[in-house]
Amino acid sequence: RVQFNSALGPYKGGIRFHPKVTLSTLKFLAFEQIFKNSLTTLPMGGGKGGSDFDPNGKSNNEIMKFCQSFMTELQKYIGADTDVPAGDIGVGGREVGFMFGQYKRIRDEFVGVLTGKGQNWGGSLVRPEATGFGLCYFAEEMLKVMGTSFKGKRVAISGYGNVAWGAVMKASQLGAKVVTISGPDGYILDEEGINTKEKWDYMLEMLVIAKDKVETYVKKFTSAKFFAGKRPWEVPVDVALPCAIQNELNGDDAKRLVDNKVLIVAEGSNMGCTPEAWHFFVEKHIPYGPGKAANAGGVATSGLEMSQNSMRLKWTAEEVDKKLHEIMVSIFKNCYDTAKEFGFEGNYVVGANIAGFKKVADSMIDQGFVQTVTIRCKRCDAPTRTSRLCSRSCFISLLFQTFVMEQIPFVQ
């Protein structure tokens, strides 16, 4: 477990079970999680954890035994006010349940020490679809700045898991026509639109029928087409929402989307676009919503689950969805206003990075973790304190360097 920064609140970040998990990966993910959590406006720090255990091909009993063994050690370092892990790749409701049960067995207390819990024992409504819902709320604000909305737009979505499922539903509810989903084996093109409850429910069934095959969709809905071994970014659309895995949209895909007149791109997956891709979008002035801002709806709803646990309350789905919408609008406004303040209006990457970082850096200085000194900018020679950013963007690199040098994660 990498506990990176708790300046804003308890360490918060997922647990990942995947054969490619390494300590370096977890450190990086924990670092990114700091700024994503900062943007949510909720009191959460940044952390990440996991194991190279591969749950695929394991029996239910084997997975349970591993989760219990994992929590036997992890419980020494976590708590509702210290570190609140959640699920991630390879860790869903089943695994969270096994770990929560072991924590209770050892510590003899029922507290909100994990999020992503079951509905009967402290979980929050809307959590499974929250990342996809939040993504669409953020994208809707991006479209509003351009004087338009989701209504009548063609949307390409990749993936078909929880994030894609939530995004498909919310985009459809906002008036868009979602025409693609994808899997490791290729992508589906449904020109009629993936816009009915029957189709949304079948997306969940597909995860059980064949976890790595999206092709089963065309067997159920025969008017759709399956393109083996290809990505959905070759389809002409107005909105592109990568919701599968990191680096799923590369430079060539970006050029194809721009050639097809895409209006906006927003990430539902963590770093779904390669650096080459998102740099190209920024260069061509295509609004691009980075994952740390656009897909923060999942961790935001985890934060809302923590709030419900602390108050011993359970909000309705409508209440959670309303709060999620308010949070995503706030994240967008923060990114937009910050980018504009520093002379990068419309660049949501700059806005998200500065806004997320500034809140954490200021908090660390206020709490005495980073020494406040007077420095002069190498570009404009203006004096300033590292505790506050002025409107000159040239201070960001100096502040960021100070933060990285001073902040060292705890590895448990």
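Every value quoted in this text rests on a predicted model; they were computed, and no experiment measured them.
Judged by a 6.0 Å distance limit and a 45° cone about the ring axis, Lys170 is positioned over the six-membered ring of Phe133. Seen from the ring of Phe4, Lys27 does not count as a face-on cation partner, given the 6.0 Å and 45° thresholds. A cation-pi arrangement is absent between Lys292 and Tyr348 under the rule of less than 6.0 angstrom and at most 45 degrees off the ring axis.
Here Lys199 pairs with Asp190 in a salt bridge; the nearest charged N to carboxylate O distance falls below 4.0 Å. No salt bridge links Arg256 with Asp259; every basic N to acidic carboxylate O contact stays at or beyond 4.0 Å. Under the 4.0 Å criterion applied to side-chain N and carboxylate O atoms, Glu73 and Lys76 are assigned as salt-bridge partners.
Side chain of Gln367 to main chain of Ala7: a donor-acceptor pair is present (N/O by atom type, distance under 3.5 Å, no hydrogens or angles). Panel note: side chain Trp278, backbone Val349; no donor-acceptor pair is recorded below 3.5 Å. Counting only distance, with no hydrogens or angles, the side chain of Ser69 and the backbone of Lys65 share a donor-acceptor pair below 3.5 Å. Remark: the backbone N or O of Val262 is not paired with any side-chain donor or acceptor of Asp238 at under 3.5 angstrom. Counting only distance, with no hydrogens or angles, the side chain of Thr180 and the backbone of Pro232 share no donor-acceptor pair below 3.5 Å. No side-chain donor-acceptor contact under 3.5 Å links Thr40 to the backbone of Ala300. Not one N or O on the side chain of Thr82 forms a donor-acceptor pair closer than 3.5 Å with the backbone of Ile78. A distance-only check finds no donor-acceptor pair linking the side chain of Arg1 to the backbone of Gly50 [under 3.5 Å]. When atom types are taken as modelled, the side chain of Lys12 and the backbone of Val84 share a donor-acceptor pair closer than 3.5 angstrom. Between the side chain of Glu95 and the backbone N or O of Gly92, at least one donor-acceptor pair lies under 3.5 Å.
To the nearest 0.5 angstrom, Leu249 atom CG is 8.5 Å from Glu267 atom CD. Here Ser124 contributes atom OG and Leu324 contributes atom CG; the two are 9.5 Å apart, rounded to the nearest 0.5 Å. With values rounded to the nearest 0.5 angstrom, Thr196 atom OG1 is found 8.5 Å from Asp201 atom CG. Remark: Asn250 CG to Phe280 CZ distance equals 12.0 Å, nearest 0.5 Å. Rounded to the nearest 0.5 Å, atoms NZ (Lys322) and OG1 (Thr316) are 10.0 Å apart. The structure places CD of Gln33 at 8.0 Å from CE of Met44, a figure rounded to the nearest 0.5 Å.
With ring centers used as reference points, Phe221 lies under 6.0 Å from Tyr202. No close placement of the Tyr160 and Trp165 rings is indicated, their centers lying 6.0 Å or farther apart. With ring centers used as reference points, Phe226 lies 6.0 Å or more from Tyr187. Aromatic ring centroids of Tyr11 and Tyr77 lie 6.0 Å or more apart.
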Before giving the answer on side-chain contact (heavy atoms from CB on, under 4.5 Å), spell out for Leu189 and Glu191 the whole-Å C-alpha distance, their side-chain angles and the decisive distance to 0.1 Å. CA-CA 6 Å; Leu189 175 62; Glu191 289 290 358; 3.8 Å; yes
Stepwise side chain to side chain donor-acceptor pair (under 3.5 Å) test for Ser269 and Gln246: CA-CA 6 Å; Ser269 51; Gln246 64 190 43; over 6 Å; no
For ring-ring contact (aromatic ring centres under 6.0 Å, His included), just list the numbers for Tyr103 and Phe110, CA-CA rounded to whole Å, side-chain angles, deciding distance to a tenth of an Å, and then say yes or no. CA-CA 9 Å; Tyr103 182 90; Phe110 194 110; over 10 Å; no
Any chance you could lay out the ring-ring contact (aromatic ring centres under 6.0 Å, His included) test for Phe70 and Phe53, step after step, and finish with the verdict? CA-CA 10 Å; Phe70 188 83; Phe53 171 76; 9.3 Å; no
Between Val299 and Asn37, is a side-chain contact (heavy atoms from CB on, under 4.5 Å) present by the stated rule, with each step listed? CA-CA 7 Å; Val299 72; Asn37 292 355; 3.2 Å; yes
Could you go step by step and tell me if Lys58 and Asp54 meet the salt bridge (Lys or Arg N to Asp or Glu O under 4.0 Å) rule? CA-CA 8 Å; Lys58 304 293 194 302; Asp54 186 0; 5.4 Å; no
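Counting only heavy atoms from C-beta outward, the side chains of Asn309 and Lys117 approach each other to under 4.5 Å.
Taking a 6.0 Å sphere around CG of Asp337, one finds it holds more than 12 heavy atoms contributed by other residues, nucleotides or ligands. Around NZ of Lys333, the count of heavy atoms belonging to other residues, nucleotides or ligands within 6.0 Å does not exceed 12.
Side-chain contact check for Gln3 and Asp83: at least one donor-acceptor pair (N or O, by modelled atom type) lies under 3.5 Å. In this model, no donor atom of one side chain and acceptor atom of the other lie less than 3.5 Å apart for Lys323 and Ser307. The closest side-chain donor-acceptor pair between Arg127 and Ser302 falls under 3.5 angstrom. In the model, Ser330 has no side-chain atom that pairs as donor or acceptor with a side-chain atom of Asn334 under 3.5 Å. Using modelled atom types and a 3.5 Å distance limit, the side chains of Asn347 and Tyr288 yield no donor-acceptor pair.
Residue Lys314 forms a side-chain hydrogen bond (donor to acceptor under 3.5 Å, both in side chains) with just one option from Gln308, Glu305, Gln119, Glu319, and that option is Gln119.
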Please tabulate, for side-chain N and O atoms in residues 144-151, each donor-acceptor pair with protein atoms closer than 3.5 Å (sequence neighbours left out).
{"residue": "Lys144", "atom": "NZ", "partner": "Glu141", "partner atom": "OE2", "Å": "3.3"}
{"residue": "Thr148", "atom": "OG1", "partner": "Lys153", "partner atom": "NZ", "Å": "2.6"}
{"residue": "Ser149", "atom": "OG", "partner": "Lys151", "partner atom": "N", "Å": "3.3"}

